[in-house]
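Below, chains carry the letters A, B, ... as their sequence lines are ordered, and counting in each starts from 1.
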Amino acid sequence: MIDRDDAELRAWAADWRGEDEAAPDAAEVRRRIRTSSRRQAAFTVGEFAITVAVLALVTWQAGRLPAVWNVAAMGALGILAVAALAYTLWNRMGTWKPAAESTGAHLDLLALRLRRRLRALHVGLYLLAVETLVLAGWLWFLLGERASRTGVPAPALRYVTNFALLAVWICLFAAGCIWVIRRTRRQLHEVFRLRSELGNAAD
Amino acid sequence: MGEPDGRELQEARFEQALNAHGAALRRVAAAYERDVARREDLFQDICLAIWRALPRFRGEASQRTFVLRIAHNRAVTHSTRRRPPALELSEAGPLADPAADPEAEMSRRQRHARLEAALHRLPIAMRQILTLALEGLAHRDIADVLGISENNVAVRLSRARDRLRRELRQEEAGTK
């Protein structure tokens, strides 16, 4: 409560608060809340949907060609997809708490979330490296198998094109991860700065 | 007519909170974000966080303290995501009162803009404690929002006021 004798703070409060602004349009706010909730639900479902789609794709591909190298590569990709989802869910444990914490507690939670995000991104890059090796080996065998089936060796251009497409996709994914890692590190640095500012201000 | 269900109750509580504290929530957004479009996004984020948190409100503090705590936390998160833009006097202030004397209204808007610009120059810890005090929160409630002792609130508020006074003087000197 503002001290009755404190004219300065009262004058600032009057300037700051001014005339009471019009109440926000509750219907518009609710509409945006619904949109945001749907987007978050879609994101959660999307994570599971992507894993299910990858599993369906690798099962289909393994069934198409029952060679050991094909089944082994598809099995490895399926296991990696499930492991990535399991890791994502495990990594999020303990990072959800009510929003109505004190600012200090909120910043600590924010720092934890950002550190977990960094950890997930690093694991994502390691998984990408393993998937790249599996996919490159699989592609090599696939092109060789086609050549032995048709009796015509695959032209060098086909090897180059396929591996180049794989490389482009991997580079894009890795670049995206690195960009998010840098942004997350910046945000984490800012959280630590604020945390220390709040701590020092209390001295 | 049947009993209102959980969703209807939540919507009614939310609407009541928004009507009671909407203007204060907009001011929190204004204290943390100078860009008008991003300020609106921040306000919507704050509303979303309050919508989610309201079902857990058990009346341990006043509803005003509860929503302001959520708003400040959300705004702090927002401010860690991006670098602040270059400082300039904001065009957006409280809505003009059409019945008021135009000259007095203009002067009030200028004072509001100067205060907002000066607040934006303060470190977040000072800005936070000042905006909570300007909303009329008691030291006990500010301590509750920030997670510090009431004595600390008094010390920090005093330092923040000194700094705001200096910033306002500079702001005034700059606009003359």
Side-chain angles (χ1 to χ4, degrees), chain A residues 1-3 6 8-37 40 98-111 113-114 183 186-203, chain B residues 11 14-15 18-19 22-27 43-44 47-53 56-57 66 69-70 72-74 76-77 79-81 93-97 100 108-109 111-112 115-116 123-126 128-131 133-138 144-148 152 156 159 161 164-165:
Chain A
M1 196 176 297
I2 296 169
D3 183 6
D6 198 337
E8 182 190 54
L9 199 56
R10 266 188 292 139
W12 285 344
D15 289 344
W16 180 239
R17 293 158 81 165
E19 301 298 325
D20 263 352
E21 295 185 60
D25 179 355
E28 170 63 13
V29 171
R30 274 205 302 271
R31 191 189 62 75
R32 289 186 67 152
I33 285 171
R34 270 197 291 273
T35 308
S36 173
S37 302
Q40 286 202 339
E101 298 275 352
S102 69
T103 303
H106 176 73
L107 281 172
D108 290 342
L109 180 64
L110 193 55
R113 282 179 185 157
L114 292 171
R183 210 181 56 164
R186 263 204 308 271
Q187 195 183 352
L188 188 59
H189 178 77
E190 188 59 19
V191 169
F192 286 144
R193 192 190 65 73
L194 277 179
R195 190 70 183 95
S196 125
E197 192 184 295
L198 285 166
N200 291 339
D203 294 340
Chain B
E11 291 206 355
F14 177 68
E15 197 152 336
L18 208 55
N19 283 329
L25 297 178
R26 281 204 188 281
R27 287 192 290 271
F43 174 70
Q44 299 293 341
C47 289
L48 181 60
I50 290 170
W51 165 263
R52 289 193 179 134
R56 290 189 306 273
F57 177 58
F66 182 80
R69 190 191 295 153
I70 292 167
H72 275 274
N73 285 347
R74 185 54 63 158
V76 163
T77 303
S79 67
T80 63
R81 284 196 189 126
L95 292 181
D97 177 1
R108 190 181 61 76
R109 285 175 72 85
R111 286 199 310 273
H112 176 91
L115 183 60
E116 192 183 305
I124 282 194
M126 287 187 174
Q128 213 174 23
I129 200 161
L130 268 168
T131 47
L134 295 179
E135 288 300 333
L137 257 64
D144 193 28
V145 170
L146 300 180
I148 57 176
N152 250 323
R156 287 172 59 177
R159 284 180 193 164
R161 287 179 59 173
L164 180 63
R165 221 174 277 130

Interface check, chain A: of E15(B), R161(B), H72(B), most non-hydrogen pairs under 4.5 Å belong to R161(B)
Heavy-atom nearest pair, Q128(B) first then T103(A), reads NE2-OG1, 3.2 Å
Separation between CZ (R32(A)) and CZ (F43(B)), nearest 0.5 Å, reads 10.0 Å
One should read off an interatomic distance between L164(B) CG and E8(A) CD, to the nearest 0.5 angstrom, of 7.5 Å
Heavy-atom nearest pair, D15(A) first then R111(B), reads OD1-NE, 2.8 Å
The interface call for L115(B) against chain A, heavy-atom contacts under 4.5 Å, is side chain
Rounding to 0.5 Å, atoms CH2 (W16(A)) and CG (L130(B)) come to a distance of 10.0 Å
Applying a strict 4.5 Å limit to non-hydrogen atoms, the region of F14(B) in contact with chain A is side chain
Closest heavy-atom pair, Q187(A) versus T77(B), reported as atoms and distance to 0.1 Å, is NE2-O, 4.1 Å
The interface call for R165(B) against chain A, heavy-atom contacts under 4.5 Å, is both
Rounding to 0.5 Å, atoms CZ (R17(A)) and CD (E135(B)) come to a distance of 5.5 Å
Quiz item: Is there a donor-acceptor contact under 3.5 Å from the side chain of E197(A) to the main chain of I124(B)?
Solution: yes
All heavy atoms of D144(B) vs all of S102(A), minimum pair found to be O-CB, 4.2 Å
When R186(A), E190(A), H189(A) are each screened for side chain to side chain contact (heavy atoms under 4.5 Å, CB included) with T80(B), the one that passes is E190(A)
Bottom line for L107(A): the part with an atom under 4.5 Å from chain B's heavy atoms is side chain
Applying a strict 4.5 Å limit to non-hydrogen atoms, the region of R31(A) in contact with chain B is neither
